[in-house]
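Reading through the structure tokens given below for one structure.
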Protein chains: 2
Amino acid sequence: MSVRVVVADDQTVVRDGLVTLLKLLPGIDVIAAASDGREAVELVAEHDPDVLLVDLRMPAMDGVEATRRVRADHPRTEVVVLTTYSDDDSVLTALRAGARGFLTKDADAESIGRALQAAAAGQSIVDADVQRRLIEGTTKRVEASVSGLTPREVEVLRLIAEGLSNTEIARHLVVSEATVKTHINHLFAKANLRDRAQAVAYAYRLGLA
Amino acid sequence: MSVRVVVADDQTVVRDGLVTLLKLLPGIDVIAAASDGREAVELVAEHDPDVLLVDLRMPAMDGVEATRRVRADHPRTEVVVLTTYSDDDSVLTALRAGARGFLTKDADAESIGRALQAAAAGQSIVDADVQRRLIEGTTKRVEASVSGLTPREVEVLRLIAEGLSNTEIARHLVVSEATVKTHINHLFAKANLRDRAQAVAYAYRLGLA
DNA sequence: CCGGATCTCAACCCCAGGGTTGACTCTCAG
DNA sequence: CTGAGAGTCAACCCTGGGGTTGAGATCCGG
């Protein structure tokens with residue numbers, strides 16, 4: 001029984017290449033090809049394939065989101081991610097989203113076929129690099145030091161991270177709201193933040209909260 | 001070119017079974033069989049195989065230590081671990097020690113063959129359970145406590161926590177901005193949040209980011 | 001004593017974001 | 001078949017937050 005596969009890649013060359021490549025492999029049936037994530041999800045719903053082979057970076061909907069959708073709506077269909085860069089951060093995200101396998105685009109036909117077969121059989125194939133990163137865990141946690149920020153700015157950042165509004169922060173620090181806004185603007189500029197939501201994330205990553 | 005394999009298992013039945021099983025597979029050559037870890041290391045040194053298929057629990061030298069030795073002294077030889085219990089703690093240890101793949105003893109012949117081929121090609125095959133455990137190791141607390149929120153709301157919350165604006169979230173989920181705002185309003189009401197800054201903090205405490 | 005950094009404050013503009021209401025569709029359990 | 005929940009979308013209002021400029025007060029090191 002052949003493994004039924006849907007391919008999704010926005011680059012025509014890659015997509016067509018994959019399709020013709022996979023068609024030559026025994027035990028692999030390419031039943032559809034999508035050019036973006038949205039279409040990929042639709043085709044999965046339509047054809048109920050064994051495996052979705054999906055690129056990470058795509059317009060309309062990226063591979064991570066497509067993976068999440070497919071795993072949520074069609075748990076029978078396994079997802080194998082294909083990407084250009086093995087050190088892409090979203091690789092881990094994709095695996096957490098439920099991707100079964102992971103391949104780089106320089107993989108040869110046999111490797112791809114093997115990964116598809118494995119995924120269909122419930123096994124999981126990942127690239128050596130990714131495996132190492134998984135095993136070592138997220139120990140990379142960078143030391144994005146708080147340096148550059150003045151004590152007052154750090155203070156304000158912490159309060160932002162607690163969900164306080166500007167007026168609340170002003171009351172808390174016993175200064176005017178204008179002052180708070182000034183600190184916040186400096187802080188945003190220094191840390192390259194757009195709004196307080198990003199600031200909260202920043203603070204949490206720094207371990208301020 | 002066939003993949004040259006050395007098998008190591010202390011149980012005679014399993015060992016002989018594996019050998020005969022693997023000999024039936026195309027592209028696999030079993031060139032030696034060991035009954036403990038010490039012997040396995042010796043046979044690897046002697047035959048320089050592509051892959052060592054090794055049981056975790058063995059007398060004289062267990063699979064983890066054998067893996068470490070082989071990876072240190074014969075980096076050309078990949079190691080695939082075979083064991084009875086997928087929840088064995090030493091599984092992670094073995095992977096850290098440099099094992100390329102991981103199989104349970106209820107794997108069928110094709111799965112084993114695939115894992116050996118993959119290992120020889122530099123890929124890594126792991127059992128689904130093990131993959132899940134590896135991934136959970138890198139994530140924080142599970143999102144089980146996100147009770148009350150619908151999947152879509154959780155999705156939106158995660159994206160908020162990444163610092164995305166409403167328009168960006170809409171683009172990402174391929175819906176209109178109005179829909180995003182609706183989800184956000186529901187989400188805020190349920191979780192008793194005032195603005196997205198508090199939402200980010202909430203998400204981080206839940207381990208969503 | 002001067003320059004720089006920090007902290008403070010004000011007035012202004014503008015829009016993203018949050019609140020509200022209402023509506024259409026689909027699915028699924030009862 | 002019906003009602004509830006989920007997801008989708010639109011129109012409206014209005015405040016808070018972010019951007020900008022400019023400026024006075026304090027402190028410290030060179």
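Numbers restart at 1 for each chain; the letters A, B, ... are given by sequence-line order, proteins then strands. Side-chain atoms are counted along with the backbone in the values below, which use heavy atoms only and exclude waters and symmetry mates. What you see is a predicted model; the values in this text were computed from it and never measured.
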Original post:
So, do A:Pro49 and A:Val5 sit near enough that their side-chain heavy atoms are less than 4.5 Å apart?
Top reply: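 They are not in contact (no side-chain heavy atoms under 4.5 Å apart), so the answer is no.
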
**OP:** Would you check if A:Val6 and A:Val54 make a side-chain contact, meaning some heavy-atom pair closer than 4.5 Å?
**Re:**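 They are not in side-chain contact.
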
By the 4.0 Å heavy-atom rule, please label [X] as base, sugar-phosphate, or nothing.
{"X": "A:Thr182", "result": "base"}
{"X": "B:His186", "result": "nothing"}
{"X": "B:Asn166", "result": "sugar-phosphate"}

**OP:** Identify which nucleotide among C:dG18, C:dC7, C:dC9 has an atom closest to any side-chain atom of A:Val175, counting heavy atoms from C-beta outward.
**Re:**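 Closest of the options to the side chain of A:Val175: C:dC9.
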
**OP:** Find which nucleotide of DNA chain D each of B:Leu173 and A:Arg196 is nearest to by heavy atoms, and output the residue with the more 5' nucleotide.
**Re:**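 The answer here is B:Leu173.
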
Subject >> Spacing of A:Phe188 atom CZ relative to D:dG18 atom P, expressed in whole Å >> reply: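 Result: 5 Å.
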
**OP:** May I have the distance from A:Gln198 (atom CD) to C:dA16 (atom P), rounded to whole angstrom?
**Re:**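 So the CD-P distance, A:Gln198 to C:dA16, works out to 15 Å.
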
Original post:
Would you call A:Arg196-B:Asp195 a salt bridge at under 4.0 Å N-O?
Top reply: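 Answer for the salt bridge query: no.
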
Subject >> B:Arg71 side chain to B:Thr77 backbone, donor-acceptor under 3.5 Å >> reply: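 It does hold such a pair.
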
Original post:
Want to settle it: does A:Ala178 or B:Thr167 sit nearer the 5' end of DNA chain C, counting the closest nucleotide to each?
Top reply: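 It is A:Ala178, whose closest nucleotide lies nearer the 5' terminus.
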
